[in-house]
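Predicted model only: the values in this text are computed from it and were never measured. Order of the sequence lines sets the chain letters (A, B, ...), proteins ahead of strands, with each chain counted from 1.
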Protein chains: 2
Amino acid sequence: MGISERKEREKEEMRQRILEAALHLFRERGFEGVSIRNIAEAIEYSPATIYLYFKDKNELFYALQFEAMDIKRNHLLPSAAIEDPWERLLDFGRRYIDFGFKHPDLYDLLFIIKAPMDALENQQCWTLGVATHSFFVETVQACIDKRYFKSTDADTIAYTLWCHAHGLVSLFVRERMRMYPPEKREVLAWQSYEMIIKMAQTL
Amino acid sequence: MGISERKEREKEEMRQRILEAALHLFRERGFEGVSIRNIAEAIEYSPATIYLYFKDKNELFYALQFEAMDIKRNHLLPSAAIEDPWERLLDFGRRYIDFGFKHPDLYDLLFIIKAPMDALENQQCWTLGVATHSFFVETVQACIDKRYFKSTDADTIAYTLWCHAHGLVSLFVRERMRMYPPEKREVLAWQSYEMIIKMAQTL
DNA sequence: AAATATACTGAACAGTGTTTAGTAAAATCA
DNA sequence: TGATTTTACTAAACACTGTTCAGTATATTT
């Protein structure tokens, strides 16, 4: 049955074409500024067609979130190759913040936007995120084992570092740093990262 | 001219009635879930009437943001009475996080929601925010002066602490802590606060 | 009493997400 | 082959959104 195979392939291609157009538009105009009709126009199909491939706008959103999670994963991946856990942790943090600054729209999509997080489509995205987080906690644990920290509570240390990095990126992404001059914002952020690292060392 | 005075008072009352209804609805259904028509219905006026008191939905949003900022200010205010800067800083941080947990919708409005931040109405809100931030930085400076920190860079210390608190609250508010069991989330957050305080002490 | 200013509204416009009935084309069956 | 079913798609509608504007009834001033 070569036909049904081709059909399935075509269906998958169409799905990808929709996602591509959506991600493209989204990175151009922000998530709120993209409508089903926009996407439909971009791929030269009727709006109703999109509903043959995605249940609703939420499910399209979940799929996009998954794409973003994959891009983030690839951005952080090189850290995993670093042997020394402390150096790995440093590199990981730097890459996390760098991802946020380089792809504010994707960071937004992953960590800031309010959306129901319980759809099936989103499950695998969440799995990927949890995996990355586990890798992070494991690295912290490895640092504990090598006596880089005094505290032995890996969960709390990891969460504390994550809070800092997330706060840093999201204050930047959502433009809540107006009390600092524009050119100082990114500098201050990186200084703060250096500071939290030094603080962590003494913990 | 008693009439024009009364008119002005009535106009202000109407403005307040709109804001009250909007804030009420917003805290019930989230910001995205509130429409001009909803608000109009709540105060039993036509949607067009709202546009006689606010230029557009954004300006209504700014006014709400100002209300939220005021509530936050009152929530943090008691800290100012504490003499010792270190104790004041601790209390301030605790109150900041507590505000976020108790009023996630208002926190959202103030620090997370994406919106143009340059309208006139928003100016005074921003002024209030900057004042609070200045108070925070001054407290950090007072701690530096009393040798509670080793570092002398008040800006970076303040920003680092703010990043942590904001990251903590916004991960909670935007439900990005799914990898931890629900009952552990708030506990972990407060543990993390304790940890950053201890870290800061050794800085 | 007439003219003007004020406060408000109904109806419309262009946009949104989503559903449904219907239509051509493709694949399958006889 | 020709008839039938399945597939892929769309036009049109529904109920919503923010926003504007012509029109109206009341209150104030002349």
Rounded distance in Å - CD1 (Ile39(A)) to C1' (dT10(D)) = 17 Å

For the pair made of CG in Leu60(A) and P in dT16(C), what is the distance, rounded to whole Å?
-> 14 Å

Can you find a pair of side-chain heavy atoms, one from Glu12(A) and one from Tyr53(A), that are under 4.5 Å apart?
-> no

Send over the distance from Glu8(B) CD to dA27(D) P, rounded to a whole Å.
-> 20 Å

Taking only Lys NZ, Arg NE, NH1 and NH2, and the carboxylate oxygens of Asp or Glu, determine whether Asp91(B) and Arg95(B) approach each other closer than 4.0 Å.
-> yes

Could you give the CD1-to-P distance, from Ile50(A) to dT20(C), as a whole number of Å?
-> 18 Å

Can you tell me how far P of dT19(D) sits from CG of Asp56(B), to the nearest Å?
-> 5 Å

Could you state the atom-to-atom distance from CD of Glu12(A) to P of dA8(D) in whole Å?
-> 13 Å

Taking for each residue the nucleotide of DNA chain C with the nearest heavy atom, is it Ser46(B) or Val34(A) whose nucleotide lies nearer the 5' end?
-> Ser46(B)

Plane angle bin for Phe99(A) and Tyr107(A) - parallel if under 30°, tilted between 30 and 60°, otherwise perpendicular | tilted

Under 4.0 Å between a side-chain N/O of Tyr53(A) and OP1 or OP2 of dC9(D), yes or no?
-> yes

Can you tell which of dT16(C), dC8(C), dA11(D) lies closest to the side chain of Ser35(A)?
-> dT16(C)

Report yes if a donor N or O on one partner sits less than 3.5 Å from an acceptor N or O on the other, where the partners are the side chain of Arg37(A) and the base of dG17(C); otherwise report no.
-> yes

Heavy atoms from other residues, nucleotides or ligands near CD of Glu8(B) exceed 12 (cutoff 6.0 Å) = no

Nearest to the side chain of Ile3(B), which nucleotide is it out of dT29(D), dT7(D), dA11(D)?
-> dT29(D)

Report yes if a side-chain nitrogen or oxygen of Lys11(B) is closer than 4.0 Å to either non-bridging phosphate oxygen (OP1 or OP2) of dA7(C); otherwise report no.
-> yes

Once you round it to whole Å, what is the distance between P of dT7(D) and CD of Glu13(A)?
-> 19 Å

When Lys7(B) and Asn38(B) are each assigned the nearest nucleotide of DNA chain D, the 5'-most assignment goes to Asn38(B)

Candidate nucleotides dG17(C), dT19(D), dA26(C), ranked by approach to the side chain of Arg6(A) - the nearest | dA26(C)

Could you tell me whether the phosphate oxygens of dT9(C), OP1 or OP2, come under 4.0 Å of any side-chain nitrogen or oxygen in Tyr45(B)?
-> no

Could you state the atom-to-atom distance from CD1 of Ile36(A) to P of dT17(D) in whole Å?
-> 18 Å

Checking dG10(C), dA26(C), dT19(C) against the side chain of Tyr51(A) (C-beta onward), the nearest is dT19(C)

Could you label the plane-to-plane angle of the Phe31(A) and Phe26(A) rings as parallel, tilted or perpendicular, counting under 30° as parallel and over 60° as perpendicular?
-> perpendicular

Of the candidate nucleotides dA8(D), dA11(D), dT9(C), which contains the atom at the shortest distance from the side chain of Ala48(B)?
-> dT9(C)

